[in-house]
Amino acid sequence: MPTQIRPQGIRAQSDARPPTTLLDGGMGRELERRGAPFRQPEWSALALSLAPESVRDIHLDYIKAGATVITVNSYAVTPYHLGAKFFSEGEQLIETAAKLAFEAVQESKKLISVTSTASAAPIIAPVKIAGCLPPLFGSYRPDLFDPKQAPVIARPLLAAQIDYVDIWLVETQSSIIEATTWQQLITEFTENENKATPKPIWIAFTLDDSQLDIADNSSDANPVNTPTLRSGETVAEAVRAMMALDVTAILFNCSQPEVMDSALQVAKAIVNEAGGTQQLGVYANAFASKQVHKQANAQLRQIRTDTTPEHYLKWATLWQASGADIIGGCCGIGVEHIALLAQHIKDTP
């Protein structure tokens, strides 16, 4: 059953805080927490075929919590997770994922209309759908990236989502070449499909957080002097490369909260210095420290006990102060986290 959370999509006009777009949180661990089908290696893709209603319910709960961008559950629909099944059933599963997000948005409009009254004169934040474009050869593995094989895997992800999504969200990119290839593939696909209006492209990089040595239940962290991607390339190099491609937003995701602010500050300085228009964003994970694996989903990783909604809000407030225009959550950050963020971080109207 979906968590019952009071809708937060209605904002008061008197709220003068700087606007920030609020993303949803993680899907896979939320499915696991609710007892939905969830296992390795299929990860969050398993529920698309066995319990699609659970995916739709989670989308809807994130919207009720206050998220104004929800992400299609297509992250695990790749050969890495599905093997040969991807080539026979992948595009159908991806379209199912996109439809579930679309259905959740439509249902949320009905709920908002019920809660609205003429006397309250509410401002209703529109909910957008981000099409998830994941790492094509496994998370956290820049060494496995194959640009020659990338178009074969990428095409079903683009074709099955394009009619349902408002934004392309390229997630958990470990290297510049991964992100650059995705941007090129999106551009080529859009041109070939004769889509009149290209969709905004958001690129999210995962950062090297292996240098952290954080005790569980601790808010302390070793400082990160030079933030880098998991490939070893610097955040500064990645930001400049994405600005050269004129992407709409540059984000940092699927890394521990402690490494995000330094990356955000580097990005902000570069964008400001160049007079760029790129938005910046953060959505961290809640993976426990001292579990450095080469692959994010090679096994189920433990979740930190100190990443409570209240603690995550402190990080989010810091990111907002450092210039984040977009804030949400990744693995282990759930509906309760987003609900609390919605009470303190205003969405873009």
Side-chain angles (χ1 to χ4, degrees), residues 1-9 22-78 80-82 85-86 89-112 127-134 139 156-157 160-161 164-165 169 171-172 254 283 285-287 296-297 299-303 309 328-340 342:
M1 295 292 294
T3 303
Q4 298 300 315
I5 294 177
R6 181 175 59 86
Q8 298 288 333
L22 189 59
L23 296 175
D24 55 7
M27 175 62 71
R29 293 309 180 95
E30 193 69 13
L31 287 165
E32 181 190 32
R33 189 171 72 111
R34 298 181 185 207
F38 179 78
R39 68 186 180 204
Q40 293 293 67
E42 298 97 331
W43 199 251
S44 58
L46 187 63
L48 292 173
S49 56
L50 298 184
E53 69 285 350
S54 64
V55 175
R56 183 179 55 249
D57 288 346
I58 290 172
H59 283 316
L60 187 56
D61 281 349
Y62 276 125
I63 296 171
K64 291 178 183 178
T68 52
V69 176
I70 61 170
T71 306
V72 174
N73 181 34
S74 56
Y75 188 93
V77 188
T78 64
Y80 173 77
H81 289 278
L82 300 181
K85 185 178 180 180
F86 170 81
E89 301 179 32
E91 189 163 352
Q92 180 180 350
L93 288 173
I94 297 162
E95 185 172 6
T96 295
K99 287 181 177 178
L100 290 169
F102 182 79
E103 290 171 7
V105 170
Q106 297 308 304
E107 181 64 23
S108 73
K109 291 179 180 178
K110 298 177 184 177
L111 293 175
I112 289 174
V127 178
K128 294 184 177 181
I129 300 174
C132 171
L133 302 177
S139 302
L157 285 154
Q161 297 186 75
Y164 297 94
V165 305
L169 177 55
E171 296 196 274
T172 320
C254 209
Y283 54 116
N285 65 33
F287 286 153
N297 296 333
Q299 64 186 67
L300 291 181
R301 301 173 71 178
Q302 294 179 3
I303 298 299
C330 202
C331 306
I333 303 301
V335 173
E336 290 80 4
H337 295 78
I338 301 306
L340 187 60

#### Entry: For P134 against T78, the heavy-atom pair lying closest together
CG-CG2, 3.7 Å
### Task
Decide side-chain contact (heavy atoms from CB on, under 4.5 Å) for Y75 and S139; before the verdict, give the C-alpha distance in whole Å, the side-chain angles of both, and the deciding distance to 0.1 Å.
CA-CA 10 Å; Y75 188 93; S139 302; 2.5 Å; yes
### Message
I want to check something: taking the side chain as every heavy atom from C-beta on, are L48 and L100 in contact at a cut-off of under 4.5 Å?
### Response
yes
### Message
If we ignore hydrogens and angles and just use 3.5 Å, is the side chain of Y283 paired with the main-chain N or O of C331 as donor and acceptor?
### Response
no
## Note on the structure
In short, E91 meets A160 closest at the heavy-atom pair O-CB, 3.6 Å
### Message
Any heavy-atom pair between the side chains of E171 and T71 that's under 4.5 Å?
### Response
yes
### Query
If only atom types and distance count, is the side chain of N73 paired as donor or acceptor with the main-chain N or O of S44 below 3.5 Å?
yes
#### Entry: Interatomic spacing from CD1 in I58 to CZ in R34 - rounded to 0.5 Å
4.5 Å
### Query
Within a strict 4.5 Å, meaning less than it, do heavy atoms of the L93 and S49 side chains meet?
yes
### Task
Provide the closest heavy-atom pair for G329 versus I338 in the form atom of the first, atom of the second, distance.
N-CD1, 4.1 Å
## Note on the structure
Distance col, row E107:CD vs H59:NE2, nearest 0.5 angstrom, shows 14.0 Å
### Task
Would you name the heavy atoms of G328 and L23 that are closest together and state the gap between them?
CA-CB, 3.7 Å
### Query
Can you check whether K99 reaches R56 side chain to side chain, under 4.5 Å on heavy atoms?
no
### Task
Mind listing the closest non-hydrogen atom pair of V72 and A101 along with its distance?
CG2-CB, 4.2 Å
### Message
Distance check, rounded to the nearest 0.5 Å: L60 atom CG versus Q106 atom CD?
### Response
11.5 Å
### Query
What distance separates I63 CD1 from L22 CG, expressed to the nearest 0.5 Å?
11.5 Å
### Query
Taking atom OG of S54 and atom CE of M27, what is their separation to the nearest 0.5 Å?
8.0 Å
### Query
Is there side-chain contact between D24 and E30, with heavy atoms separated by less than 4.5 Å?
no
### Message
Check whether Q161 reaches the backbone of C132 with its side chain - one donor and one acceptor, N or O, closer than 3.5 Å.
### Response
yes
### Task
Measure up the W43 and H81 rings against each other and bin them: parallel (under 30°), tilted (30 to 60°), perpendicular (over 60°).
tilted
### F38 side chain near L46 side chain, heavy-atom distance below 4.5 Å
no
#### Entry: Validation row: E95, Y164 side chains within 4.5 angstrom (heavy atoms)
yes
### Query
Within a reach of under 6.0 Å around CD of E53, are more than 12 heavy atoms found that belong to other residues, nucleotides or ligands?
yes
### Summary
In short, S108 meets V127 closest at the heavy-atom pair OG-CG2, 4.5 Å
#### Entry: From CG (L133) to CD1 (I94), nearest 0.5 Å
9.5 Å
#### Entry: Heavy-atom side-chain proximity of E42 to L82 below 4.5 angstrom
yes
